[in-house]
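Written below as C-alpha coordinates is the structure these notes are about.
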Amino acid sequence: MKSLLIVLFVAVSSLTSYGQDTSTMNATYVGYVDGAYVFSDSEGYNAEFTNITDNVANEFDLNSQKFVGKQFTITFIVDTELDEDDEEIQVSTIVELLMPM
(Lines give C-alpha, C1' and ligand atoms only; values in the text may rest on other atoms or scores of the structure.)
Protein backbone atom coordinates (compact mmCIF):
# COMPACT_ATOMS: atom_id res chain seq x y z
CA MET A 1 0.00 0.00 0.00
CA LYS A 2 2.79 2.41 0.91
CA SER A 3 4.57 1.81 -2.41
CA LEU A 4 1.33 2.42 -4.33
CA LEU A 5 0.96 5.81 -2.63
CA ILE A 6 4.55 6.70 -3.46
CA VAL A 7 4.05 5.74 -7.12
CA LEU A 8 0.83 7.77 -7.27
CA PHE A 9 2.51 10.79 -5.70
CA VAL A 10 5.43 10.66 -8.15
CA ALA A 11 3.07 10.24 -11.12
CA VAL A 12 0.89 13.20 -10.10
CA SER A 13 3.95 15.36 -9.38
CA SER A 14 5.48 14.68 -12.77
CA LEU A 15 2.21 15.37 -14.58
CA THR A 16 1.86 18.68 -12.77
CA SER A 17 5.21 19.97 -14.00
CA TYR A 18 4.45 19.03 -17.62
CA GLY A 19 1.07 20.74 -17.52
CA GLN A 20 2.41 24.08 -16.35
CA ASP A 21 1.84 27.18 -18.42
CA THR A 22 4.92 28.59 -20.05
CA SER A 23 5.69 32.21 -20.81
CA THR A 24 8.04 33.63 -23.43
CA MET A 25 10.04 36.83 -23.61
CA ASN A 26 12.78 38.34 -25.77
CA ALA A 27 15.72 39.74 -23.83
CA THR A 28 19.46 40.30 -23.75
CA TYR A 29 21.58 38.19 -21.42
CA VAL A 30 23.19 40.34 -18.70
CA GLY A 31 25.02 37.55 -16.83
CA TYR A 32 24.94 35.21 -13.87
CA VAL A 33 24.52 37.52 -10.87
CA ASP A 34 24.08 36.44 -7.22
CA GLY A 35 22.82 32.96 -8.16
CA ALA A 36 20.43 34.07 -10.89
CA TYR A 37 20.51 34.23 -14.69
CA VAL A 38 19.67 37.88 -15.46
CA PHE A 39 18.15 39.07 -18.75
CA SER A 40 17.10 42.60 -19.73
CA ASP A 41 14.25 43.32 -22.16
CA SER A 42 13.95 46.24 -24.60
CA GLU A 43 12.21 48.39 -21.96
CA GLY A 44 15.03 47.93 -19.45
CA TYR A 45 13.15 45.47 -17.23
CA ASN A 46 15.47 42.85 -15.68
CA ALA A 47 14.17 39.31 -15.33
CA GLU A 48 15.95 36.89 -13.00
CA PHE A 49 15.77 33.13 -13.43
CA THR A 50 17.01 31.03 -10.54
CA ASN A 51 16.74 27.66 -12.29
CA ILE A 52 17.53 26.25 -15.72
CA THR A 53 16.73 22.83 -17.16
CA ASP A 54 19.57 20.41 -17.87
CA ASN A 55 18.84 20.54 -21.62
CA VAL A 56 19.29 24.31 -21.73
CA ALA A 57 22.35 24.21 -19.44
CA ASN A 58 24.01 21.64 -21.71
CA GLU A 59 23.39 23.79 -24.80
CA PHE A 60 24.25 27.21 -23.33
CA ASP A 61 26.92 27.73 -20.66
CA LEU A 62 25.34 30.80 -19.10
CA ASN A 63 27.85 30.78 -16.25
CA SER A 64 30.55 31.92 -18.69
CA GLN A 65 30.84 35.38 -20.25
CA LYS A 66 30.37 33.94 -23.76
CA PHE A 67 26.66 34.84 -24.06
CA VAL A 68 26.64 38.19 -22.22
CA GLY A 69 25.11 40.82 -24.50
CA LYS A 70 23.44 38.23 -26.76
CA GLN A 71 19.75 38.36 -27.61
CA PHE A 72 17.57 35.35 -26.67
CA THR A 73 14.00 34.16 -26.80
CA ILE A 74 13.36 32.69 -23.35
CA THR A 75 10.61 30.20 -22.53
CA PHE A 76 10.08 29.78 -18.81
CA ILE A 77 7.77 28.59 -16.06
CA VAL A 78 7.09 30.18 -12.68
CA ASP A 79 6.53 28.08 -9.56
CA THR A 80 5.55 29.14 -6.06
CA GLU A 81 7.71 27.68 -3.30
CA LEU A 82 8.17 28.26 0.41
CA ASP A 83 11.42 29.83 1.59
CA GLU A 84 13.19 29.13 4.88
CA ASP A 85 10.73 31.47 6.67
CA ASP A 86 7.73 29.60 5.20
CA GLU A 87 6.90 32.59 3.00
CA GLU A 88 5.81 32.05 -0.60
CA ILE A 89 8.31 33.07 -3.25
CA GLN A 90 8.20 32.93 -7.04
CA VAL A 91 10.86 30.73 -8.66
CA SER A 92 11.39 31.07 -12.41
CA THR A 93 12.92 28.25 -14.46
CA ILE A 94 14.20 28.55 -18.04
CA VAL A 95 12.87 25.58 -20.00
CA GLU A 96 13.95 26.66 -23.50
CA LEU A 97 16.42 29.19 -24.85
CA LEU A 98 16.74 30.23 -28.49
CA MET A 99 19.12 32.66 -30.18
CA PRO A 100 17.47 34.47 -33.11
CA MET A 101 19.41 34.25 -36.34
Side-chain angles (χ1 to χ4, degrees):
M1 182 68 172
K2 208 185 265 186
S3 60
L4 178 62
L5 289 174
I6 292 170
V7 170
L8 267 170
F9 176 75
V10 170
V12 170
S13 296
S14 64
L15 287 175
T16 304
S17 63
Y18 286 114
Q20 288 180 320
D21 291 330
T22 59
S23 299
T24 304
M25 69 180 290
N26 294 315
T28 302
Y29 185 55
V30 175
Y32 188 69
V33 181
D34 294 329
Y37 303 97
V38 180
F39 292 81
S40 180
D41 70 7
S42 61
E43 297 175 8
Y45 171 76
N46 283 346
E48 295 182 1
F49 300 91
T50 50
N51 297 322
I52 188 169
T53 62
D54 290 339
N55 291 341
V56 175
N58 290 334
E59 187 173 351
F60 299 98
D61 181 12
L62 296 179
N63 292 326
S64 73
Q65 295 294 310
K66 179 179 179 180
F67 295 105
V68 171
K70 304 289 184 184
Q71 180 75 24
F72 287 93
T73 299
I74 308 150
T75 303
F76 61 96
I77 57 173
V78 178
D79 287 320
T80 302
E81 296 180 0
L82 295 177
D83 66 6
E84 59 274 354
D85 298 324
D86 288 333
E87 294 181 16
E88 287 188 355
I89 57 170
Q90 300 293 314
V91 178
S92 301
T93 302
I94 299 173
V95 295
E96 184 177 40
L97 204 55
L98 301 171
M99 288 182 72
M101 299 275 169

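Computed from heavy atoms alone, side chains included, the values below leave out hydrogens, waters and symmetry copies.
A pairwise comparison of heavy atoms in D86 and L82 identifies O-CD2, 3.8 Å as the closest pair. Summarising the geometry of G31 relative to V68, their closest heavy-atom pair is CA-CG2, 4.1 Å, with the distance given to 0.1 Å.
D79 is not listed as a side-chain neighbour of Q90, based on a closest heavy-atom distance of 4.5 Å or more. T53 is not listed as a side-chain neighbour of I94, based on a closest heavy-atom distance of 4.5 Å or more. At least one side-chain heavy atom of P100 sits less than 4.5 Å from a side-chain heavy atom of T73. Annotation: side chain of N26 is not in contact with side chain of D41 (no heavy-atom distance under 4.5 Å). Looking only at side-chain heavy atoms (C-beta outward), L62 and L97 come within less than 4.5 Å of each other.
Rounding to the nearest 0.5 Å places CE of M25 at 12.5 Å from CZ of F72.
Aromatic ring centroids of Y29 and F60 lie 6.0 Å or more apart.
Atom CG of N58 sits in a crowded spot, with more than 12 heavy atoms from other residues, nucleotides or ligands closer than 6.0 Å. Within a 6.0 Å radius of CD in Q65, no more than 12 heavy atoms belonging to other residues, nucleotides or ligands are found. With a 6.0 Å radius and a threshold of 12 heavy atoms from other residues, nucleotides or ligands, E88 has its CD atom at or below the threshold.
A continuous path of ILVMFWY side-chain contacts below 4.5 Å connects I74 to V78, so both sit in one hydrophobic cluster. A continuous path of hydrophobic side-chain contacts links V56 to M99 [ILVMFWY only; heavy atoms under 4.5 Å].
Side chain of D85 to main chain of E87: no donor-acceptor pair is present (N/O by atom type, distance under 3.5 Å, no hydrogens or angles).
Using modelled atom types and a 3.5 Å distance limit, the side chains of S92 and E48 yield no donor-acceptor pair. A donor-acceptor contact under 3.5 angstrom links the side chains of Q71 and T28, judged on distance only.
Ring geometry, Y32 versus Y37: the interplanar angle falls from 30° to 60°, so the pair is classed tilted.
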